[in-house]
Amino acid sequence: GGDAVVARPHAIHDPPASPAKQEMTAGRVIVEVLKAEGVKAVYGIPGGHVLPIYDGLYDAPEIGHFLVRHEQAAASMAAAYAQLTGKTAGCLVTAGPGATNLATNVAEAYVGALPMVILAGRGATNTTFRGASQEVDTEQLFRPITKWAERVDRADLIPEALHEAFAVARNGKPGPVYLDLPRDIL
């Protein structure tokens, strides 16, 4: 009986050996913009529509992600962070009810002039307004309770739109900003 050598299996949560070789998806670009904007905290719940952004957050230890049990808590925590630190936090939620559950606390942040940038997933661009699952016109829902609410339909426009979102959230009277991101561009 010789000694058997047991190799440690690669855990599914181990970071890749070479982060430089990772594909630069739109989700990872979003995380790079968050870092450039100085974001230290993102509050949210993962969902299928925004998983590429979560993939990028996994590799960005400088941005803390705070998993909440309900999206309403994500908006509340982002508002509290803004009130306590004077800095802009992020909310990251999935489509439909994931986004609509933010509404009450986003309205409170709007009244309280608390900056936050909300990133919400939505269905694919080719299913917009065709009754797809979780299809809600959240852009229209958030217009009265944010400083700016927009849908970004092309991946190449995400960095510019996200930088603009932070500028709008911070400048003048601060407040929440909403970006709607179709899952097929992430």
Side-chain angles (χ1 to χ4, degrees), residues 27 30 33-34 37 39-54 57 63-125 127-153 157-158 161-186:
I30 288 169
V33 173
L34 294 176
E37 291 289 345
V39 172
K40 300 293 181 207
V42 173
Y43 303 90
I45 299 177
H49 294 82
V50 292
L51 286 179
I53 302 170
Y54 275 96
L57 282 173
I63 300 176
H65 178 268
F66 299 88
L67 181 65
V68 297
R69 293 186 181 203
H70 191 279
E71 293 85 0
Q72 187 177 22
S76 181
M77 293 170 78
Y81 178 89
Q83 189 168 26
L84 293 170
T85 67
K87 297 178 181 173
T88 305
C91 281
L92 179 54
V93 296
T94 194
T100 61
N101 286 339
L102 297 171
T104 300
N105 291 42
V106 169
E108 287 295 317
Y110 182 70
V111 171
L114 301 170
M116 71 173 73
V117 172
I118 302 151
L119 303 175
R122 78 169 302 125
T125 52
T127 64
T128 301
F129 306 123
R130 294 188 180 163
S133 174
Q134 299 187 341
E135 179 72 34
V136 177
D137 193 355
T138 50
E139 181 187 352
Q140 293 300 319
L141 172 71
F142 281 93
R143 281 216 168 110
I145 58 172
T146 60
K147 290 181 67 180
W148 189 52
E150 290 295 326
R151 184 176 70 237
V152 182
D153 282 329
L157 299 176
I158 289 174
L162 193 48
H163 283 297
E164 179 71 15
F166 277 95
V168 171
R170 293 174 177 146
N171 293 328
K173 180 182 176 185
V177 171
Y178 179 87
L179 285 183
D180 206 27
L181 303 164
R183 71 183 307 162
D184 60 321
I185 69 166
L186 295 176

Quick one: are Val39 and Val117 in side-chain contact, heavy atoms under 4.5 Å? no
All side-chain hydrogen bond (donor to acceptor under 3.5 Å, both in side chains) counterparts of His70, not counting sequence neighbours: none
Could you name each residue pair satisfying salt bridge (charged side-chain N to carboxylate O under 4.0 Å, His left out) that touches residues 177-186, not counting sequence neighbours? Arg122-Asp180
Leu157: what forms a side chain to side chain contact (heavy atoms under 4.5 Å, CB included) with it, not counting sequence neighbours? Val152, Arg154
Got a list of side-chain donor-acceptor pairs under 3.5 Å for residues 103-110, not counting sequence neighbours?
residue: Asn105; atom: OD1; partner: Gln72; partner atom: NE2; Å: 3.1
residue: Asn105; atom: ND2; partner: Gln72; partner atom: O; Å: 3.4

Using the six-membered ring wherever Trp is involved, compare the ring planes of His65 and Tyr54 and label them parallel, tilted or perpendicular (cut-offs 30° and 60°). perpendicular
So, Lys147 side chain and Gly175 main chain: donor-acceptor pair closer than 3.5 Å or not? no
If you compare all heavy atoms of Cys91 against all heavy atoms of Ala74, which two are closest, and at what distance to 0.1 Å? SG-O, 3.5 Å
Of all heavy-atom pairs between Gly121 and Val50, which one has the smallest distance, and what is that distance? N-CG1, 3.5 Å
If the condition is side chain to side chain contact (heavy atoms under 4.5 Å, CB included), which residues does Ala167 pass it with, not counting sequence neighbours? Asn171
With sequence neighbours excluded, residues passing ring pair (Phe, Tyr, Trp, His ring centres under 6.0 Å) with Tyr81: none
What I'd like to find out is whether the side chain of Leu119 reaches to under 4.5 Å of the side chain of Leu162, using heavy atoms alone. yes
So salt bridge (charged side-chain N to carboxylate O under 4.0 Å, His left out) across residues 66-94, not counting sequence neighbours, yields none
Closest approach of Val42 and Leu92, non-hydrogen atoms and distance? CG1-CB, 3.8 Å
Can you tell me which residue pairs pass the ring-ring contact (aromatic ring centres under 6.0 Å, His included) test with a partner in residues 166-186, sequence neighbours excluded? Phe142-Tyr178
Between Pro46 and Leu51, is there a side-chain heavy-atom distance shorter than 4.5 Å? yes
Would a 4.5 Å heavy-atom cut-off, applied to side chains only, mark Trp148 and Glu164 as touching? yes
Can you name the nearest heavy-atom pair linking Ile118 to Pro176, along with the distance? CD1-CB, 4.4 Å
Nearest 0.5 Å, what's the OG1-CD1 distance between Thr94 and Ile45? 9.5 Å
Quick check on Gln83: does its CD atom have over 12 non-hydrogen neighbours (other residues, nucleotides or ligands) under 6.0 Å away? no
Please give me the minimum heavy-atom distance between Ala75 and Met116, naming the atom from each residue. O-CE, 3.4 Å
Measure the spacing between OG1 of Thr125 and CD1 of Ile185 and express it to the nearest 0.5 Å. 8.0 Å
Can you tell me how far apart CG (Leu34) and NZ (Lys40) are? Round to the nearest 0.5 Å. 11.0 Å
Closest contact, heavy atoms only, Thr138 versus Ala99: CG2-CB, 3.8 Å
Partners passing side chain to side chain contact (heavy atoms under 4.5 Å, CB included) against Pro52 (at least two apart in sequence or in another chain): Leu186
Could you work out, with side-chain hydrogen bond (donor to acceptor under 3.5 Å, both in side chains) as the rule, every residue matching Thr88, not counting sequence neighbours? Arg170
Mind checking the CZ-CG spacing from Arg151 to Leu179? Nearest 0.5 Å is all I need. 12.0 Å
Atom pair CD1/CG of Ile53 and Leu57 - distance to nearest 0.5 Å: 8.0 Å
